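One structure below.
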2 protein chains.
Amino acid sequence: MEPEPSTGRTAALPGPCSRWPAEQGETIRQIIDRAGNKWAVLVVGSLHAGPLRYTDLLRSIPGVSQRMLTYTLRQLRRDGLVTRTAYPEVPPRVEYALTDLGETLLIAITTLIDWAGTHHDEIQENRARFDETEAAV
Amino acid sequence: MEPEPSTGRTAALPGPCSRWPAEQGETIRQIIDRAGNKWAVLVVGSLHAGPLRYTDLLRSIPGVSQRMLTYTLRQLRRDGLVTRTAYPEVPPRVEYALTDLGETLLIAITTLIDWAGTHHDEIQENRARFDETEAAV
DNA sequence: CTGTATCCACGGCGATACTG
DNA sequence: CAGTATCGCCGTGGATACAG
């Protein structure tokens, strides 16, 4: 891990753009890299009901590519938010599950989702109004 | 507003990549475009204490470019999260402030920030351990 | 002071092909 | 099934210059 240790161009995906001097925003960066990542949120959300296999995740999250699913799962494992369990069978079976820490994140995220749900309509109205008076230019 | 009405390449910034069929993830998208945006979060955070002028925001958010600050403020206004008040003086003075809706978002975000703060160390340890056993390959 | 317009480098990530 | 390796498009956002 850690940005670009390897041969090619994107062999191990480079960490997200973290180009600033570790000022106050660093904490924010942390959060955004977890909870502001669409795929990460969706994975954590999908795992809420219980463990899932790789392919199941792939299917339960429409639009995600293998590349990003693999990458996201790796990040989440690294942070200790999900666990990976491989069963020595054939064909191979691998299950991903939320850790306790992952559960707490899910709860925190849920707060935001609720907020979004609660104010979604209001925001839509605001936008419409804004765009209207805007277009009046 | 709305992606690319104008001449050049990025004249009015294009909306964030929203290339998927409005499935379940759409709600998530909404959230991420608000609370997952570094600058948006930082602006809302900076406005917590009270109204600020454009230049003050520019300074209180290290690393933000004029471009992004302007763009972010516009988005936030559009969503009804902040207000813009221009005073007809010379030199011109413009103040940005959180709306009530903006305050509620701030609260929701704060939950996440708290989560990050609480578990920051734990995550760091997890990462260190992961990278270590990882390097053992 | 408060923006707006333009240019363009960098890197995220989808698409695709291949391996154990 | 569960990944890994590569390629390349184009969105993102910094830098810069200019305007009201």
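Reminder, nothing fancy here: chain letters follow the sequence lines and each chain counts from 1. Quantities reported herein were computed from a predicted structural model and do not represent experimental measurements.
- Side chain of B/R67, nearest nucleotide from C/dC13, C/dC1, D/dG14: D/dG14.
- Contact check, A/R53 against D/dA2: a side-chain N or O comes under 4.0 Å of OP1 or OP2.
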Check step by step if side-chain contact (heavy atoms from CB on, under 4.5 Å) holds for B/V64 and B/T72.
CA-CA 10 Å; B/V64 73; B/T72 301; 5.8 Å; no

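- Note: CH2 (B/W39) to P (D/dG13) measures 9 Å, nearest angstrom.
- For D/dG13, neither phosphate oxygen OP1 nor OP2 lies less than 4.0 angstrom from any side-chain nitrogen or oxygen of B/S65.
- Judged by the 6.0 Å and 45° rule, A/R78 forms no cation-pi pair with B/F130.
- Rounded to a whole Å, the CG atom of B/L42 is 13 Å from the P atom of D/dG13.
- At a threshold of 4.0 angstrom between heavy atoms, the contacts of B/T70 include nucleobase atoms, whether or not backbone atoms are also involved.
- Nucleotide D/dA2 holds its P atom 9 Å from the CZ atom of A/R59, rounded to whole Å.
- Under a 3.5 Å cut-off, the side chain of A/T99 and the backbone N or O of A/G80 do form a donor-acceptor pair.
- Listed by first then second residue, pairs satisfying salt bridge (Lys or Arg N to Asp or Glu O under 4.0 Å) with a partner in residues 42-66 of chain B read B/D56-B/R59, not counting sequence neighbours.
- For the pair A/L69 CG and D/dC1 P, the interatomic distance rounds to 14 Å; values are reported in whole Å.
- Across D/dG20, C/dG14, C/dG20, the shortest atom-to-atom separation from the side chain of A/P92 is found for C/dG20.
- Taking atom CD of A/E95 as the reference point, atom P of D/dG3 lies 12 Å away to the nearest angstrom.
- Listed nucleotides D/dC1, C/dC1, C/dC13 differ in distance to A/P91; the shortest reach to its side chain belongs to D/dC1.
- When distances are taken from the side chain of B/T55 to each of C/dG14, D/dA2, C/dT2, the shortest belongs to C/dT2.
- Proximity note for A/Y96 (side chain, C-beta onward) versus D/dG14, C/dC1, D/dG3: the nearest is D/dG3.
- Side-chain N/O atoms of A/Y87 include none lying less than 4.0 angstrom from OP1 or OP2 on D/dA2.
- Rounded to an integer number of Å, the gap from A/K38 NZ to C/dG12 P is 15 Å.
- Atom-to-atom, CE of A/M68 to C1' of D/dT4 comes out at 15 Å; the value is rounded to the nearest Å.
- In this structure, the nucleotide among C/dT2, D/dG14, D/dG3 sitting nearest to the side chain of A/V94 is D/dG3.
- For B/E89 and C/dT2, the CD to P distance is 10 Å, given to the nearest whole Å.
- Among the nucleotides D/dG3, D/dA2, C/dC7, the one closest to any side-chain atom of A/Q66 is D/dG3.
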Let me check something: any side-chain donor-acceptor pairs from residues 106-117 of chain A under 3.5 Å, sequence neighbours excluded? List them with distances.
unit_1, atom_1, unit_2, atom_2, d
A/T110, OG1, A/L106, O, 2.6
A/T111, OG1, A/I107, O, 3.4
A/T111, OG1, A/A108, O, 3.4
A/W115, NE1, B/T104, OG1, 2.9

